[in-house]
Amino acid sequence: MRRSNWAIPYFIFLLLFVLLPLVMVAIYAFQDNSGAFTFDQFVKFANEPESINTFTYSLEIAMITTVLCLLLGYPAAWILSNKELNKSSVAIILFILPMWINMLIRTLATVALFDFARLPLGEGALIFGMVYNFLPFMIYPIYNTMQKMDHSYVEAAQDLGATPLQVFRKVTLPLSMPGVGSGVLMVFMPTISTFAISELLTMNKVKLFGTTIQENINNGLWNYGSCLALIMLVIIGVSQMFVSQDDLDSDEKGGLI
Amino acid sequence: MSDCIIRVKDLTKSFGDKVVLKNINLEVKKGEFVTILGPSGCGKTTLLRLIAGFHVADEGVIEMNGQDLTGMPPHKRALNTVFQRYALFPHLDVFNNVAFGLKLKNVPKEEIEKRVRKVLKMVCMTDYEDRDVNSLSGGQQQRIAIARALINQPEVLLLDEPLAALDLKMRKDMQIELKEMHQKLGITFIYVTHDQEEALTLSDTIVVMNEGVIQQIGSPIDIYNEPQNSFVADFIGESNILNATMIKDHRVSFINKEFDCVDEGFGENVPVDVVVRPEDIHIQDDKSKAVFFGKVTSCIFKGVHYEMLVTTNEGFELLVQDYRYYPVDSEIGMSIRPEDIQVMKKERICNTFEGTMVSANEVEMLDGARFTCNDTGLSAGTKVKVEVDFDKIDMLDDKDAGATSAQVTAILYKGDHYHLTISTYEGDKLYVDTQDVWDKNDIVGVAIKPEDLRVIKAE
């Protein structure tokens, strides 16, 4: 058997479960109930303030989550990758450990925790839950980049007269940007489309875009749901292009993407 | 005092249990080109990194211009380093790499541009300012690394094997350029390398190091012509290192012949080592002028000269270089001039170990290994000193067959036998004379016959 034939099962898999659904989403988005070609779904979206509000609110929550993850995750990754501060690999495993557990279970546990502490569920709980769930996805790529970074760059900067702060600003930070890019992408993309976390942690009070799509599809509005999904895909696609462009330019790879 | 820019005093450094630098003392004069030379793992890079401030010494002091540098972080030291793998910042272009040090000091923009252009011109890299550093070749990166270090106008430039990653031709060219740069700038260079030829070519002063200890400090000519011990003689250039006996002042015997020499003060009938460089063994076509005779066993053309292995009639193998060609199997007569014989004190004439008696005829030494010896009449627990001659240690193929095992760490050919240094796992060293051929890093079993252990009760 030729080696290229080995790829056939994967190719069929990609065709059936990735490409076909995407094409169907795209086709449904441009059809009305009877199957005729139309832009009606997009017109409906543009004229429905509720959908647009949910959409901008979702973007807002995703951005807040991403920024919080970055603010918490970057110092954590820096400490973890610093051989003087962290001599064992136990700490990094502890940070990654939550990823071993299903996200729904973690979220249900968060709900129980808020109940136990008598804290109200709602927007605050939602952001907490999102950050808690996605923080490892931010820490790991940054940690990875920093750990692979040649220490002689830091030494060279010190040698040329840079104070510890200048070393960080002029060398460590720019060289860790590929990891930051990957981390931002890994957090931003899934948070935009989350619906389970928001349902559970806000008792369905706060609606995210993912929830809207899910509701529409559940209620049999396949065409409108597909239209919303397509809009979200385009946004994610654009943000990915924006970040990975920087990645491609740099030789210091090491992010997850 | 005033012309001494770097002074290293009693410097000791260890990483964990491993001592990498032992009691280093060194003075570097202003404007000098000093090379720290030694095999890999001898501590030369550690010494350089201590001077740069990347490591902290366990003991001892480094002074620069009379000022103690202890505790001063690298960014405050008025010296710059050229790193082994260049360490050019990959996110900056050539201009910004070179300008890095000046930008930190908030030097005005016009001056930065002027100085960058000047230093790039010096390393012949004009017009490369906007290039991405990753697109440069190894040699070009090297030049940028030097430019980046020099732009800060350091008093001392530290270079850590800067040419190791370049190919031979490039390395030779860069050597000449470095030497010219040093002469033009007049600043002090401290250069680390394992390449003895590079050291001889570039340096004003060479510091030869081995196993964390300075073996010899001297000019290239001194180091080559008058090595102080067999390590230096073997490490620098080709050499014949032979066991010899100093009969009296100006008279030495080796390869079963007696020679006049210029050394004195060793005493009478004292065992010594002699070094004779291969180019100093003269082939005498007039047999009446020859002192000893032998047969050529191999002859290799080396460009300028022929390199021959000669077995003397007394059975010693010597390396000889001559411009003339003598085919294999030709009988030749040879002589050595008195001033070309370098006599060196032997570091030791037998192995000496500290041990403890386990019973009257068993001694424990070398971290728990037990050796049977002749009945000493000493009671168990007595501290003893044990002497063993070099040729009385048996090396066994099976590492578990002997009383202990050890790894071959150094090999020295001495004309008719090999002188090996073997180290036990705990780092104790044994010195062995053997006819057998072993390779470096072979692990061997060590056995000693009972009658060959000379057990002396410790004082």
Side-chain angles (χ1 to χ4, degrees), chain A residues 74 77-78 81-88 141-184 242-255 257, chain B residues 16 45 48-56 72-93 96-107 119 132-136 141 144-154 156-162:
Chain A
Y74 194 91
W78 185 78
S81 65
N82 190 320
K83 284 179 188 70
E84 278 160 38
L85 295 175
N86 177 38
K87 291 191 168 65
S88 73
I142 300 176
Y143 164 78
N144 222 3
T145 312
M146 284 188 172
Q147 215 208 7
K148 282 180 191 153
M149 198 186 295
D150 194 339
H151 190 64
S152 60
Y153 296 136
V154 172
E155 287 182 348
Q158 288 175 338
D159 189 74
L160 293 165
T163 61
L165 191 70
Q166 285 172 320
V167 171
F168 178 78
R169 221 160 35 104
K170 303 219 163 201
V171 176
T172 313
L173 188 64
L175 286 179
S176 63
M177 283 323 277
V180 171
S182 294
V184 165
F242 189 67
V243 176
S244 56
Q245 198 58 47
D246 283 349
D247 265 354
L248 291 175
D249 288 345
S250 168
D251 267 357
E252 285 294 300
K253 295 233 171 56
I257 290 176
Chain B
T45 296
L48 196 78
R49 290 173 61 83
L50 279 162
I51 296 172
F54 299 128
H55 291 319
V56 179
M72 188 189 278
H75 67 267
K76 291 193 180 146
R77 301 192 180 195
L79 32 79
N80 286 111
T81 310
V82 176
F83 291 84
Q84 188 169 7
R85 280 179 297 127
Y86 321 137
L88 295 177
F89 304 120
H91 58 295
L92 301 176
D93 62 11
N96 283 307
N97 260 285
V98 177
F100 193 88
L102 295 183
K103 284 193 173 170
L104 291 173
K105 290 188 198 120
N106 294 320
V107 175
V119 77
D132 183 8
V133 290
N134 294 310
S135 69
L136 301 179
Q141 291 191 20
I144 300 304
I146 292 169
R148 186 178 67 174
L150 285 178
I151 202 163
N152 284 357
Q153 297 169 332
V156 180
L157 186 68
L158 307 175
L159 302 106
D160 183 9
E161 305 218 22

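Just so we're on the same page: letters track the sequence lines, and every chain starts at 1.
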B/Arg85, CZ atom: more than 12 neighbouring heavy atoms under 6.0 Å: no
Verdict with reasoning, B/Leu104 to A/Lys170, per side chain to side chain contact (heavy atoms under 4.5 Å, CB included): CA-CA 10 Å; B/Leu104 291 173; A/Lys170 303 219 163 201; 3.9 Å; yes
Reported CG-to-OH distance for the pair A/Asp150 and B/Tyr86, which is rounded to 0.5 angstrom: 13.0 Å
Nearest-0.5 Å distance, CE of residue A/Met177 to NE2 of residue B/His91: 11.5 Å
Taking all heavy atoms of [X] and all of [Y], pick out the closest pair and write down the distance.
| X | Y | value |
| --- | --- | --- |
| A/Ala156 | B/Phe83 | CA-CE1, 3.4 Å |
| B/Phe54 | A/Glu155 | CZ-O, 3.4 Å |
| A/Asp159 | B/Ala52 | OD1-CB, 4.5 Å |
| B/Phe89 | A/Tyr153 | CE2-O, 3.3 Å |

B/Asn152 portion near chain A, given a 4.5 angstrom heavy-atom threshold: side chain
Which portion of B/Leu88 sits near chain A, non-hydrogen atoms under 4.5 angstrom: backbone
Partners passing salt bridge (Lys or Arg N to Asp or Glu O under 4.0 Å) against A/Arg169 (at least two apart in sequence or in another chain): none
Those residues that, when tested against B/Arg77, pass salt bridge (Lys or Arg N to Asp or Glu O under 4.0 Å) (two or more places apart): none
Check against side chain to side chain contact (heavy atoms under 4.5 Å, CB included), A/Gln166 and B/His75: CA-CA 10 Å; A/Gln166 285 172 320; B/His75 67 267; over 6 Å; no
Max heavy-atom pair count under 4.5 Å with chain A, selected residue of B/Asn80, B/Leu102, B/Leu158, B/Ile151: B/Asn80
When B/Ala78, B/Gly101, B/Pro74 are compared by non-hydrogen pairs under 4.5 Å with chain A, the top option: B/Pro74
